[in-house]
Amino acid sequence: MIPIQDHTEGATFAVRVHPRAKRTAITGIIGEALKISLSAPPLEGRANEELTEFLCGLLDVPRSAIHILTGTNTRNKVIRVSGHSASELTLALKKHFTV
């Protein structure tokens, strides 16, 4: 599983996105990042918006809890989920992804 760090405002983890994929889904792990394919193109923030919506549904958190801390214009991003601990996110991700 990927490393998830506790933060004063929640928990953070790394993702690597692949925009313009056939469907939006978790597709693996690259290094210490969760690889997520997104059907949206990387134009005008559409891929970031789709990533946020996907993570909301996946982790069962409100949209306001998901923050892209770094990488808004790149494929490598750091995500913070406010109000949740690293252990809570680990459990939520394990329900949807196994290595």
Side-chain angles (χ1 to χ4, degrees):
M1 198 68 198
I2 62 168
I4 301 174
Q5 294 83 30
D6 279 313
H7 185 272
T8 57
E9 298 177 25
T12 61
F13 61 96
V15 298
R16 168 112 175 145
V17 298
H18 177 201
R20 289 193 175 123
K22 289 186 179 185
R23 66 184 182 100
T24 298
I26 296 174
T27 55
I29 293 176
I30 295 180
E32 294 187 342
L34 190 64
K35 184 177 179 188
I36 300 177
S37 294
L38 302 170
S39 60
L43 302 171
E44 301 170 355
R46 287 188 259 171
N48 288 336
E49 185 66 30
E50 185 167 328
L51 175 63
T52 300
E53 292 299 323
F54 177 69
L55 291 174
C56 288
L58 187 76
L59 302 172
D60 194 29
V61 298
R63 189 183 187 295
S64 61
I66 304 290
H67 305 279
I68 300 175
L69 297 180
T70 63
T72 56
N73 296 322
T74 67
R75 291 178 182 230
N76 297 317
K77 302 176 186 299
V78 174
I79 307 296
R80 181 179 69 217
V81 182
S82 298
H84 294 276
S85 69
S87 59
E88 291 171 332
L89 293 182
T90 300
L91 289 175
L93 287 173
K94 282 185 179 181
K95 291 179 187 176
H96 302 282
F97 182 74
T98 57
V99 178

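Just so it is clear, the structure is predicted and the values come from calculations on it, not from any experiment. Counting from 1, the numbers follow the sequence of the chain as shown.
If you take CG on Leu55 and CZ on Phe13, they are separated by 5.0 Å, rounding to the nearest 0.5 Å. The line from NE2 of His18 to CD1 of Ile30 is 9.5 Å long, rounded to the nearest 0.5 Å. Annotation: the span from Ile79 atom CD1 to Thr70 atom OG1 amounts to 8.0 Å, rounded to 0.5 Å. The CG atom of Asn48 sits 12.5 Å away from atom CD1 of Ile66, with the distance rounded to the nearest 0.5 Å. Here the CD1-OG1 distance, from Ile4 to Thr90, works out to 3.5 Å after rounding to the nearest 0.5 Å. One distance of note links CD1 of Ile2 with CG of Leu34; it measures 4.5 Å at 0.5 Å rounding.
With hydrogens and angles ignored, the 3.5 Å screen pairs no side-chain donor or acceptor of Asp6 with any backbone N or O of Ser85. Looking at Lys77, its side chain never comes within 3.5 Å of a backbone N or O of Val15 through a donor-acceptor pair.
Hydrophobic cluster membership is shared by Leu93 and Ile68, with clusters built from Ile, Leu, Val, Met, Phe, Trp and Tyr side chains linked at under 4.5 angstrom. Under a hydrophobic-cluster definition in which Ile, Leu, Val, Met, Phe, Trp and Tyr are linked whenever side-chain heavy atoms come within less than 4.5 Å, directly or via other members, Val61 and Ile26 are assigned to the same cluster. Follow the hydrophobic side-chain contacts under 4.5 Å out from Leu51 and you never reach Val78; the two are in separate clusters.
Screening Asn76, Thr27, Thr74 against Arg16 for a side-chain hydrogen bond (donor to acceptor under 3.5 Å, both in side chains) leaves a single residue, Asn76.
At a threshold of 4.5 Å between non-hydrogen side-chain atoms, the residues Pro19 and Arg75 count as touching. The shortest distance between side-chain heavy atoms of Pro41 and Arg20 falls below 4.5 Å.
For Gln5, the CD atom is densely surrounded, since the number of other residues' heavy atoms within 6.0 Å is greater than 12.
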Item to check | Trace of the side-chain contact (heavy atoms from CB on, under 4.5 Å) decision for Thr12 with His67 | outcome: CA-CA 9 Å; Thr12 61; His67 305 279; over 6 Å; no
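Contacts of Arg80 classified as side-chain hydrogen bond (donor to acceptor under 3.5 Å, both in side chains), with partners at least two apart in sequence or in another chain: Glu9.
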